[in-house]
There are 2 protein chains.
Amino acid sequence: MDKPTTKDLAKAAGVSLATVDRVLNRRGGVRQATVERVTAAIRALNYVRDISAANLARSTEYKLVFLLPDHDDEFTNMIHIALDEANVSMVHERTTVSITRVSANDPHRIAQEIDGLSADKVDGVAIMAPETAQVRDAILRLDARGIAVVAFVSNQPNAQSAYFVGINNEAAGRTAGQLLARFIGERQGTVLAVTETMQSRDSLERRLGFDAIMAKYVPRLRVHPSMETYADAARTAKIIAVALHNNPEIVGIYLMNHDVSETMQAIEAQGIPQKYVIIGHELTQHTRARLITGTMDAVITQDVGHLVRSSIRVLKARITRIGTVASQERIRIEIILRENLPEDTKTSYL
Amino acid sequence: MDKPTTKDLAKAAGVSLATVDRVLNRRGGVRQATVERVTAAIRALNYVRDISAANLARSTEYKLVFLLPDHDDEFTNMIHIALDEANVSMVHERTTVSITRVSANDPHRIAQEIDGLSADKVDGVAIMAPETAQVRDAILRLDARGIAVVAFVSNQPNAQSAYFVGINNEAAGRTAGQLLARFIGERQGTVLAVTETMQSRDSLERRLGFDAIMAKYVPRLRVHPSMETYADAARTAKIIAVALHNNPEIVGIYLMNHDVSETMQAIEAQGIPQKYVIIGHELTQHTRARLITGTMDAVITQDVGHLVRSSIRVLKARITRIGTVASQERIRIEIILRENLPEDTKTSYL
DNA sequence: GAATAATTGAGGTACGTACATCATTTTGCG
DNA sequence: CGCAAAATGATGTACGTACCTCAATTATTC
């Protein structure tokens with residue numbers, strides 16, 4: 001049996017095509033009893049609207065907005081590039097994504113930006129921002145206005161309407177911990193944990209997971225309190241130099257935030273970085289180069305292209321009220337060593 | 001500027017819609033000069049046919065066939081299940097995939113099966129089979145008949161027409177080697193490498209990569225010659241028992257093939273499997289359970305859902321002569337530890 | 001029970017492409 | 001030049017859905 005069409009629905013429900021259309025597109029003016037007849041037919045025939053045909057008829061564009069932090073780190077830039085690429089390859093799926101970058105440190109500006117999105121100009125929004133009360137409320141207002149929302153990379157656990165596309169950072173921290181512990185092996189010593197700021201939920205969660213594993217498997221390896229660089233190169237250089245100098249027993253370093261380059265430079269400036277087991281996050285040109293030279297031992301990462309494509313799929317699914325396969329949207333916590341480094345291809349098409 | 005349509009093409013090329021159609025669908029009967037005018041317009045306007053509309057008009061179905069080995073291992077079964085799932089979620093993209101399982105050890109049967117596929121019943125084929133001359137030739141004949149081909153999981157390097165969807169097994173072997181070496185750390189001893197049969201190209205390549213890494217980084221850890229189980233439980237139990245008994249210095253075990261369960265059972269039957277660092281391939285319920293208990297230390301895997309979806313995308317792209325993003329089709333060599341084990345969800349929809 | 005409101009039906013046009021038919025124009029060839 | 005063959009144009013229908021208008025039917029209300 002072929003896929004049922006609206007005609008089949010009409011016949012099955014014993015109503016006209018017009019009424020089926022009214023029900024499907026919620027145009028109103030249909031008696032409740034009739035609505036039920038139609039929805040019953042939908043279930044009975046297992047009808048799913050043909051999105052291609054629907055889009056064609058509507059000649060609609062899905063307008064998506066990605067709200068990214070104003071930060072100039074490599075990871076965020078990779079997301080930006082992946083979005084630009086997606087924009088190109090999505091033209092033929094009637095989807096356009098635009099990018100707005102807002103200072104991550106100013107919740108009011110972010111909320112303001114979100115509130116400025118109106119349902120007639122935007123169909124869906126992906127938000128990458130630290131969780132704050134202002135942002136959470138703005139997301140709830142978005143939802144009320146009927147705009148689809150996705151929490152992107154950073155979870156917004158208190159804004160239930162926002163589906164989260166990203167990794168479990170606590171598990172990511174545990175993964176880093178397990179790998180670091182096993183790479184250090186039998187050696188004695190202490191471990192350094194560095195991040196930009198512990199204000200960020202991501203870093204907090206990673207540290208939590210990291211500590212849990214270290215305490216469980218290698219309690220002999222004490223982990224120093226988290227060091228914060230505040231994304232300030234001078235400060236980073238100084239505190240790293242002091243820490244490494246004062247603690248010659250350090251054997252491992254865990255870089256918790258998105259951007260390793262300043263911290264790694266500070267470590268390298270102290271000479272022989274190979275004597276530490278170093279694990280960081282996000283596969284960028286910086287971490288890639290250091291995996292190859294052996295300066296870094298492993299990178300925990302999430303696939304930027306996957307993040308972007310998955311967000312787009314989820315947003316479109318929510319807009320059209322049609323499902324996606326859950327397993328396809330689960331972002332994996334990837335472990336990258338020198339040996340399984342993916343090729344560094346520029347965008348290309350098959 | 002909106003997406004150009006065939007009308008725009010006709011206007012730009014100064015021909016009628018009918019001629020544009022003849023060129024686009026290679027119906028013939030168009031002078032070379034005119035063809036060039038149209039293709040020039042296509043490039044100038046950057047025209048790409050609207051596949052949704054085209055599919056709608058054609059009311060066509062993409063009929064894909066997956067040729068899988070007749071083997072009853074967990075990995076192949078997972079592929080089978082993933083294909084069934086894809087079949088469901090693809091109905092609305094006018095794609096149906098059917099699965100044929102053929103004995104992997106009989107190249108003639110496989111070639112025969114391939115030759116039996118006619119262009120009016122099938123649009124694309126994904127082939128998972130060991131590389132042999134018969135299969136290679138059958139693939140070339142498929143291509144000549146105008147059926148799209150993809151080499152699935154197992155590469156067919158000598159059938160150029162078949163795009164390969166799968167991982168680089170040599171790199172996978174290197175990854176396993178690196179991980180095993182680092183997990184073993186400073187310890188002395190030897191390493192066991194086990195597989196079903198070294199006849200398979202996959203195992204050969206993995207062993208190659210594995211040896212390269214071991215020789216380079218931990219030459220003190222001698223690797224025994226590859227042991228072959230021939231997928232025979234009794235034989236497996238026996239040779240594993242003998243090997244472990246005769247070589248008490250063994251510290252690491254690398255399981256190279258798709259199915260670990262028999263070999264792992266044999267190892268576990270000898271008691272204290274935790275004393276070995278054990279790395280295997282493919283995340284299945286067997287490896288998952290052993291990662292959780294700690295019996296296995298790491299699993300190198302490829303995402304089955306990704307393999308399936310990617311093959312389908314590539315096949316459809318070849319059929320419609322439209323591009324896919326290369327980076328999306330690159331199958332990653334994933335490293336799974338207990339900590340980054342993805343949740344074991346049943347198929348669900350968002 | 002009549003007037004009014006609410007609901008339903010019938011039918012058309014549109015989206016971008018595929019495909020078919022028939023008419024018309026252009027080209028090549030003797 | 002004239003004619004057949006080849007090339008091109010013109011036009012219509014179809015795919016499945018959206019959206020519109022107007023007419024016809026049914027409910028509701030006093």
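A note on names: the letters A, B, ... follow the listed sequences, proteins ahead of strands, and every chain is numbered from 1. Treat the numbers as computed from the prediction; the structure is a model and nothing was measured.
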Asks: Are the side chains of B:Y47 and B:D8 in contact, using a 4.5 Å heavy-atom criterion?
Replies: no
Asks: If I compare all heavy atoms of A:A119 with all of A:R145, which pair ends up nearest, and what's the gap?
Replies: CB-O, 3.7 Å
Asks: Quick one about A:N158 and A:E131 (side-chain donor to acceptor, distance below 3.5 Å, no hydrogens or angles considered), yes or no?
Replies: yes
Asks: Regarding B:K3 and B:D50, does a basic nitrogen lie under 4.0 Å from an acidic carboxylate oxygen?
Replies: no
Asks: Among residues 27-42 of chain A, which residues get a heavy atom nearer than 4.0 Å to DNA chain C?
Replies: A:G29, A:V30, A:R31, A:T34
Asks: Does any part of the side chain of B:R58, heavy atoms only, come nearer than 4.5 Å to the side chain of B:R94, both counted from C-beta?
Replies: no
Asks: Reading 5' to 3' and counting Watson-Crick or G-U wobble pairs with both distances under 3.5 Å, write the dot-bracket notation for DNA chain C, | for bases paired outside the strand.
Replies: ||||||||||||||||||||||||||||||
Asks: Mind calculating the distance between CZ (A:R26) and C1' (C:dT7) to the nearest angstrom?
Replies: 19 Å
Asks: Are A:T19 and C:dG9 close enough that a side-chain N or O sits under 4.0 Å from OP1 or OP2?
Replies: yes
Asks: For nucleotides 13-17 of chain C, tabulate all protein N/O to nucleotide N/O atom pairs closer than 3.5 Å, reporting atom names and distance.
Replies:
residue: C:dC15; atom: O2; partner: A:L56; partner atom: O; Å: 3.3
residue: C:dC15; atom: O2; partner: A:A57; partner atom: N; Å: 3.0
residue: C:dG16; atom: N2; partner: B:A53; partner atom: O; Å: 3.3
residue: C:dT17; atom: OP1; partner: B:Y47; partner atom: OH; Å: 2.7
residue: C:dT17; atom: OP1; partner: B:D50; partner atom: N; Å: 3.3
residue: C:dT17; atom: OP2; partner: B:T6; partner atom: N; Å: 2.7
residue: C:dT17; atom: OP2; partner: B:T6; partner atom: OG1; Å: 3.2

Asks: Please tell me if the side chains of B:F164 and B:V150 come closer than 4.5 Å, counting only heavy atoms from C-beta onward.
Replies: no
Asks: If you measure from the Lys or Arg side-chain nitrogens to the Asp or Glu carboxylate oxygens, is any gap between B:D303 and B:R332 under 4.0 Å?
Replies: no
Asks: May I ask you to check whether B:R49 and B:N25 show a side-chain donor-acceptor distance below 3.5 Å?
Replies: yes
Asks: Is a salt bridge present between B:R313 and B:E329, judged by a nitrogen-to-oxygen distance below 4.0 Å?
Replies: yes
Asks: Are B:K316 and B:T95 close enough that a side-chain donor and a side-chain acceptor fall under 3.5 Å?
Replies: yes
